Amino acid sequence: MIFETHAHLDFFANSDDNSVFYRICESCIENNISKIVVPPISFDSNFVIADLLKGYEENIFQAIGLHPKEAINTILTNKKQEELLDLYREKQNIVAIKTGLDFSKTKLQEAQIKHQIESFRRLTIMAAELNLGLILHIRDAWSQFLIEWEAIIKKLDDMNLKTPKTVIHCCNGRNLKETEEVINKGINFFGVGGKIFTDVSLRNTIKDLSLKCIVLETDSPYLQPEAYIPPDFIREYEKNGHRKLKGINTPQSLTLIAGEVANIKGIPIEKVIEETYNNAMELFSL
Ligand SMILES: [Zn+2]
C-alpha cells in the first residue's frame, strides 16, 4: 500500500462535473494508493476540499491552512483561524496543517512578508495545539525559514507544547548536511516526488538519507515525471482542454517515484513503499 502525502485532487473537480475527480479517487484506491492527503491552495479551498471528500474519509485525508503565496494578501485573522478550527472540529479526516514561506518569483513588499511570517507562526502553533502534522512549503526562503523556525520552537517550548511532526514538502537540492541540520531542529520528514528524476543534488541526498525520514508525494497535478503515462481518462480530460496544464500528474506516478528511490538507495521497491507508508502514518498520527 502506498501513501500519497501531497496531491491537489481538488484540481480535478468542477462546479458542474466532478466525475474526473471521482474517477481519480477510485483508480487510486484500486491501484493500492490507499491513503492520500489533499492540501489547500487557497483559504476557500479548505472548505471545497472538505465537501469533495465526503464519503472518502477513510482513504483521503485533508490538510487545512493557507498556502504561503496566498498568505501575503489573505491575512489569517482570528476569524479565519476560528473558521479553520470549526472545520477541524467538524471533520474526522483532517490530519495536518499546511503553511510555510515562499519568496519566489515576485518581489514581496515588507508588509506581505510580515503577513506570510505571521501566518506561518500561527498555523505552526495551531498544529502543535491540535496535535496535527505540519506540512511546510518552503521556497526561496530557506535562511529566513531557519530563523523563524528557531523562534517558533522556542515559543512552543515556552507554551509547553511539543514541536509538531513536520514534513518539508517538495524537497529539492538541499545537501545532506543541511538536511541533517533541520532534522536536529525537530523536522523529521522530507517529501520526495517527481524531482527525484532530475535534481542531481536531491538524488545525492536521498542516497545517504535514512529511509525513516522519507515520505512520498506527487504534488499532483503538477510535476509530472517524464516517464509517467496517465490513465486514458486523464489524457481524454487533458485533450478536451478542461484545465490547462502541460502534462497532468496523478498519484499513480508514485510507483515510478518509489522505484527511483529504491534504485538510488539500492534496496527493493517493496521496502521503500512499506517504510514510507509507515512514516506517513506516523507523520499524520494515523
Ligand atoms: Zn502542492
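Only a predicted model underlies this, so the values are computations on that prediction, with no experimental measurement involved. Each ligand, and each atom within it, is numbered from 1 in the order the structure gives.
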Student: Taking the basic N atoms (NZ, or NE/NH1/NH2) and the acidic carboxylate oxygens, is any pair closer than 4.0 Å for Glu4 and Lys35?
Tutor: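 So Glu4 does not pair with Lys35 through a salt bridge.
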
Student: Looking at side-chain heavy atoms only, is the closest gap between Leu130 and Tyr88 below 4.5 Å?
Tutor: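 Yes, their side chains come closer than 4.5 Å.
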
Student: Closest N/O/S atom of Asp219 to the Zn ion (ligand 1), by atom name?
Tutor: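 The nearest such atom is OD1.
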
Student: Flag His67 as yes if one of its N/O/S atoms falls below 2.8 Å of the Zn ion (ligand 1), otherwise no.
Tutor: no

Student: With a cut-off of 2.8 Å, does His169 put an N/O/S atom close enough to the Zn ion (ligand 1)?
Tutor: no

Student: Could you tell me whether Arg89 and Asp86 have a side-chain N and a carboxylate O separated by less than 4.0 Å?
Tutor: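 Judged by the 4.0 Å cut-off on N to carboxylate O distance, Arg89 and Asp86 do form a salt bridge.
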
Student: With distance as the sole test, does Gln116 use its side chain to make a donor-acceptor pair with the main-chain N or O of Asp102 at under 3.5 Å?
Tutor: yes

